[in-house]
Amino acid sequence: MNNSKRAEIFARLAASNPAPTTELDYKTPYQLLVAVVLSAQATDKGVNRATRPLFRAHPTPESIVALGIEGLEEYIQSIGLYRTKARNVVELSRLLLERHGGEVPHDREALEALPGVGRKTANVILNTVFGEPTIAVDTHIFRLANRTGLAPGKDVREVEDRLNKVVPAEYKVNAHHWLILHGRYICKARTPDCPRCVIVDLCEFKDKTRE
DNA sequence: ATCCCGAGGG
DNA sequence: CCCTCTGGAT
């Protein structure tokens, strides 16, 4: 796929998507960090259902640490991987207080040093909280990038590197949100909604119904 | 490569 | 019933 085609794809995604936003409910950078950690292998709806009452009762790292692992498990039991996540979130909150004054650090190394936080989560925070031009490649974006031919790669890191080379400068900060929304609602895993897709004509996948 | 883990979609 | 969901750590 050539670059003018790619530029056209980003232009259309920009035009067809609403203002960039996450679908996770949160009020502070800390809450976003917790919500993203909880979202691993879980749906955003499920995460929001759990975090709404959680954040109402325990909005801060101090409060989550006080709540403790077992207490947190009760809030997030309906999410997959809840034991690991409860441990990670309480420990992560403790480390935030210990190392960063309870604030979410604007620093990739510091973020990835927190339990439960890997490259993908760090990229979401850097982009959404700090406005950096990072692209967090999740399952949606990985599928979209490969399927369409936009930025094919064998693993998540390769797709991320290719996307970073290919995204036009003016879309760097918002590209992540448009890509993920398109992957989630249009270029769906099982049943892609090609009739409603604004880039079908540029897509290498358009005639197939399955990968 | 495998485990952690449960809910909901198709 | 099988698969997927905004992964990360071992």
Side-chain angles (χ1 to χ4, degrees), chain A residues 13 17-18 20-26 29 31-54 69-70 72-93 95-96 104 108-129 132-148 150-151 153-160 163 167 173-195 208-211:
Chain A
L13 290 179
N17 277 295
T21 176
T22 322
E23 306 231 297
L24 295 169
D25 290 343
Y26 68 98
Q31 292 181 1
L32 176 62
L33 177 58
V34 171
V36 176
V37 169
L38 295 180
S39 76
Q41 299 300 105
T43 62
D44 52 349
K45 282 180 189 167
V47 172
N48 288 337
R49 213 167 32 240
T51 56
R52 214 168 292 126
L54 172 67
I69 296 171
E70 311 241 325
L72 180 54
E73 283 181 354
E74 292 183 25
Y75 281 95
I76 65 173
Q77 217 139 33
S78 62
I79 302 178
L81 311 179
Y82 68 94
R83 281 191 290 236
T84 309
K85 288 171 182 177
R87 245 188 296 114
N88 285 341
V89 167
V90 170
E91 176 63 6
L92 157 173
S93 302
L95 289 172
L96 236 41
V104 176
R108 175 185 298 283
E109 302 299 318
L111 286 167
E112 291 189 17
L114 300 169
V117 180
R119 188 173 183 85
K120 185 262 175 183
T121 301
N123 277 338
V124 172
I125 298 302
L126 291 171
N127 179 275
T128 304
V129 174
E132 291 200 17
T134 57
I135 295 178
V137 179
D138 54 29
T139 162
H140 289 315
I141 296 183
F142 184 79
R143 179 181 66 251
L144 174 68
N146 274 300
R147 202 184 244 180
T148 58
L150 179 62
K154 60 183 179 308
D155 55 41
V156 163
R157 188 54 189 272
E158 191 176 334
V159 168
E160 183 186 327
L163 279 172
V167 179
V173 176
N174 293 333
H176 170 71
H177 295 282
W178 295 328
L179 291 170
I180 197 167
L181 288 175
H182 194 74
R184 178 162 177 355
Y185 292 112
I186 306 290
C187 199
K188 297 179 285 188
R190 286 303 194 96
T191 55
D193 196 354
C194 298
K208 306 176 185 175
T209 53
R210 212 168 254 283
E211 314 202 350

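Quick note on labels: first sequence line is chain A, next is B, and so on, each numbered from 1. Scope of the values below: all heavy atoms of this structure, side chains included, with no hydrogens, waters or symmetry mates.
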Among pairs that include at least one residue of residues 112-124 of chain A, which meet salt bridge (charged side-chain N to carboxylate O under 4.0 Å, His left out), considering only residues two or more places apart or in two chains?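 Counting only pairs at least two positions apart or across chains, the salt bridge (charged side-chain N to carboxylate O under 4.0 Å, His left out) contacts touching residues 112-124 of chain A are A:Arg108-A:Glu112, A:Arg119-A:Glu160.
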Set of side chain to side chain donor-acceptor pair (under 3.5 Å) partners for A:Ser39, sequence neighbours left out: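 Per chain and number, A:Ser39 pairs via side chain to side chain donor-acceptor pair (under 3.5 Å) with no residue.
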With sequence neighbours excluded, tell me which residues meet side chain to side chain donor-acceptor pair (under 3.5 Å) with A:Asn146.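 Partners of A:Asn146 under the side chain to side chain donor-acceptor pair (under 3.5 Å) test: none.
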Over all strands shown, is [X] touching base, sugar-phosphate only, or nothing at heavy-atom distances under 4.0 angstrom?
X: A:Gly46; result: nothing
X: A:Val47; result: nothing
X: A:Thr22; result: base

[X]: salt bridge (Lys or Arg N to Asp or Glu O under 4.0 Å) partners, not counting sequence neighbours:
X: A:Glu23; result: A:Arg184
X: A:Glu91; result: A:Arg94
X: A:Arg52; result: A:Asp25

Provide a list of protein-nucleic acid N or O atom pairs under 3.5 angstrom, restricted to nucleotides 8-10 of chain B.
none

Terminal contacting nucleotides, 5' and 3', DNA chain C versus chain A (heavy atom, 4.0 Å): C:dC3 to C:dA9
Say we look at [N] and [M]: how far apart would their [atom1] atoms be, to the nearest angstrom?
N: C:dT6; M: B:dC3; atom1: P; answer: 23 Å
N: B:dC4; M: C:dC1; atom1: P; answer: 23 Å
N: B:dA7; M: C:dA9; atom1: C1'; answer: 23 Å

Start at the 5' end of DNA chain C and walk down; is the nucleotide closest to A:Glu112 or to A:Arg184 reached first?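 The answer here is A:Arg184.
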DNA chain C nearest-nucleotide lookup for A:Leu114 and A:His140: closer to the 5′ end is A:His140
What residues, two or more places apart in sequence or in another chain, satisfy side chain to side chain contact (heavy atoms under 4.5 Å, CB included) together with A:Leu144?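 Checked A:Leu144 against side chain to side chain contact (heavy atoms under 4.5 Å, CB included); matches are A:Thr148, A:Leu179, A:His182, A:Cys187.
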For A:Ala110, what residues pass the side chain to side chain contact (heavy atoms under 4.5 Å, CB included) criterion, not counting sequence neighbours? A:His100, A:Pro105, A:Asp107
For DNA chain B, determine which residues of residues 74-87 of chain A have any heavy atom closer than 4.0 angstrom to one of its atoms, and list them numerically.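 By residue number: A:Gln77, A:Ser78, A:Ile79, A:Gly80, A:Leu81, A:Tyr82, A:Arg83, A:Thr84.
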Using whole Å, report how far CD of A:Glu73 lies from C1' of B:dC4.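 So the CD-C1' distance, A:Glu73 to B:dC4, works out to 13 Å.
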In whole Å, what is the span from the CG atom of A:Asn88 to the P atom of B:dC5?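 Going from CG in A:Asn88 over to P in B:dC5 covers 10 Å.
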A:Lys45 atom NZ, neighbour heavy-atom count above 12 within 6.0 Å: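 Open: at most 12 neighbouring heavy atoms sit under 6.0 Å from NZ of A:Lys45.
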Exercise answer: donor-acceptor pairs, residues 74-84 of chain A side-chain atoms, under 3.5 Å, sequence neighbours excluded:
none

In the structure I gave you, are the side-chain heavy atoms of A:Leu54 and A:Leu72 within less than 4.5 Å of one another anywhere? yes
